[in-house]
Protein chains: 2
Amino acid sequence: MLNIVTERMAVMSKRIAPAALAAMLGDAISRLGRRQRQARPVGELTQNQISVLTSLELGGALTPRELADAERVQPPTMTKVLARLEELGLLQRTPHPTDRRQVLLSATSAGHDIVVEQRRAKDEWLTRVLTRLTPAERQILCQAAEIMSRIAREGD
Amino acid sequence: MLNIVTERMAVMSKRIAPAALAAMLGDAISRLGRRQRQARPVGELTQNQISVLTSLELGGALTPRELADAERVQPPTMTKVLARLEELGLLQRTPHPTDRRQVLLSATSAGHDIVVEQRRAKDEWLTRVLTRLTPAERQILCQAAEIMSRIAREGD
DNA sequence: CCCATGTCGTTAGCCATGCTTATTAGCTAT
DNA sequence: ATAGCTAATAAGCATGGCTAACGACATGGG
């Protein structure tokens, strides 16, 4: 284990320009994203729908506007996704307690069950691939995932 | 710098299960992918169109079927993308020398120029974000990009 | 040689998801 | 009270996935 760490540190000592890294990383993200998207079974929920339901599970009841901001889409786009999810019985609306313009959204229990199952199915391919990596490689990806999540959430 | 390295080593010493990593990484890829997609200026080429033109530059003249396989989409989907690219004057068709069913596609010089420019623009946001990271973080992403590209290309 | 079968590309038609613009309802501050 | 802001939706458009079906062509067996 120690030699793995020192080996990684040797690799880490290489410097890389942001622009070159952006090209590499952008390409890797595109390719992996496409692989992951096509791993989704036909007729099931899309990434976006899963993401919305997940946000609702994590954040409790949210308004369409809050969801649109979280998903970084325009409000009308979110309206369509919500309509589809409601039609599927995965999401329910309740009136906002103080502002009658707003609506509070929450996942139904069916929504909760399905999102758990869908996430598992979606991650299945990636999980299988990851088991074939070395522990050191997985740790790099773990750190990278943390960094990427952070910059994806940043304002600009 | 040194304390950053030791801090990272502390994180690296944590083990992580492939399934949990798949969930984290999948989420990070989705989010970053969306950010990158929306960084593309309106009216410009989409990721897919750029990817097709890039394949043509790297692979020379290819048939629609070969491109569909390379992009992992169905042939009718590729037909639409090719029609759009041809309409934009970025792509040209030549008959196949021996099989009259097939068509050979190649990028025009305008196509070549535009794909280079588009890639630069697409990477601009990511480059800007990456400059704000520490060198240690960039090195982690560099290693991660290499690993992700490798697994994205794997057969299954 | 001819025909059955298969392959290539395309068309048609569906759906999801993104956008802009416009509309309706309700809040808020002057 | 009302003028202006904000929330959500509706309408309309483009892109990019898919399947089904079709015409043109290639190929192999009888």
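Convention: sequence-line order gives letters A, B, ...; per-chain numbering from 1.
In terms of polar N and O atoms assigned as donor or acceptor, the side chain of B/Lys80 never comes within less than 3.5 Å of the base of C/dG9 in a complementary pairing.
Rounding to whole angstrom units, CG of residue A/Leu85 and P of C/dA16 are separated by 11 Å. In this structure, the CZ atom of A/Arg84 is 9 Å from the P atom of C/dC15, given to the nearest Å. To the nearest angstrom, P of C/dC19 lies 10 Å from CE of A/Met78. If you take CD of B/Gln74 and C1' of C/dA12, they are 16 Å apart, rounded to a whole angstrom. Nucleotide C/dG26 holds its P atom 13 Å from the CD atom of A/Gln102, rounded to whole Å.
Of the side-chain N and O atoms in B/Gln49, one or more sit less than 4.0 angstrom from OP1 or OP2 of D/dG16. Contact annotation: A/Thr79 reaches the phosphate of D/dT9 (side-chain N/O to OP1 or OP2, under 4.0 Å).
A distance of 12.0 Å separates CZ of B/Arg128 from CD1 of A/Ile151, quoted to the nearest 0.5 Å. A/Glu71 contributes atom CD, which lies 11.5 Å from atom OG1 of A/Thr77 (distance to the nearest 0.5 angstrom). The distance from atom CG of B/Leu105 to atom CG of B/Leu85, rounded to the nearest 0.5 Å, is 9.5 Å. Interatomic distance, CD of A/Glu66 versus CD of A/Gln102, reported as 7.0 Å (0.5 Å rounding). Here the straight-line distance linking atom CZ of B/Arg93 with atom OG1 of B/Thr63 works out to 11.0 Å at 0.5 Å rounding.
Comparing D/dC18, C/dC19, D/dT9 by their closest approach to the side chain of B/Thr77 singles out D/dC18.
Annotation: the terminal axes of the helix from C/dC1-D/dG30 to C/dT30-D/dA1 meet at 0°, where each axis is the rotation carrying the C1' atoms of four end pairs onto the next four (5 pairs per end, rounded to 10°).
Follow the hydrophobic side-chain contacts under 4.5 Å out from B/Met78 and you never reach B/Leu104; the two are in separate clusters.
Contacts between residues 86-101 of chain A and DNA chain D, defined by a heavy-atom separation below 4.0 Å, involve A/Arg93, A/Arg101, listed by number. Interface residues of residues 61-69 of chain A facing DNA chain D, ordered by number: A/Thr63, A/Pro64, A/Arg65; criterion, heavy-atom separation under 4.0 Å.
The main-chain N or O of B/Gly89 is found under 3.5 Å from a side-chain atom of B/Thr108 such that the two form a donor-acceptor pair. In this structure a side-chain-to-backbone donor-acceptor pair under 3.5 Å is missing from B/Arg138 to A/Pro18.
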Walk me through whether B/Leu25 and A/Met148 qualify under side chain to side chain contact (heavy atoms under 4.5 Å, CB included). CA-CA 9 Å; B/Leu25 193 59; A/Met148 292 190 295; 3.8 Å; yes
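In this structure, B/Val81 and B/Pro76 both approach DNA chain D, and ranking their closest nucleotides by distance from the 5' end singles out B/Val81.
B/Arg150 places a side-chain heavy atom less than 4.5 Å from the side chain of B/Glu146.
A side chain to side chain contact (heavy atoms under 4.5 Å, CB included) with B/Ile50 holds for exactly one of B/Thr54, B/Leu53, B/Val52; it is B/Thr54.
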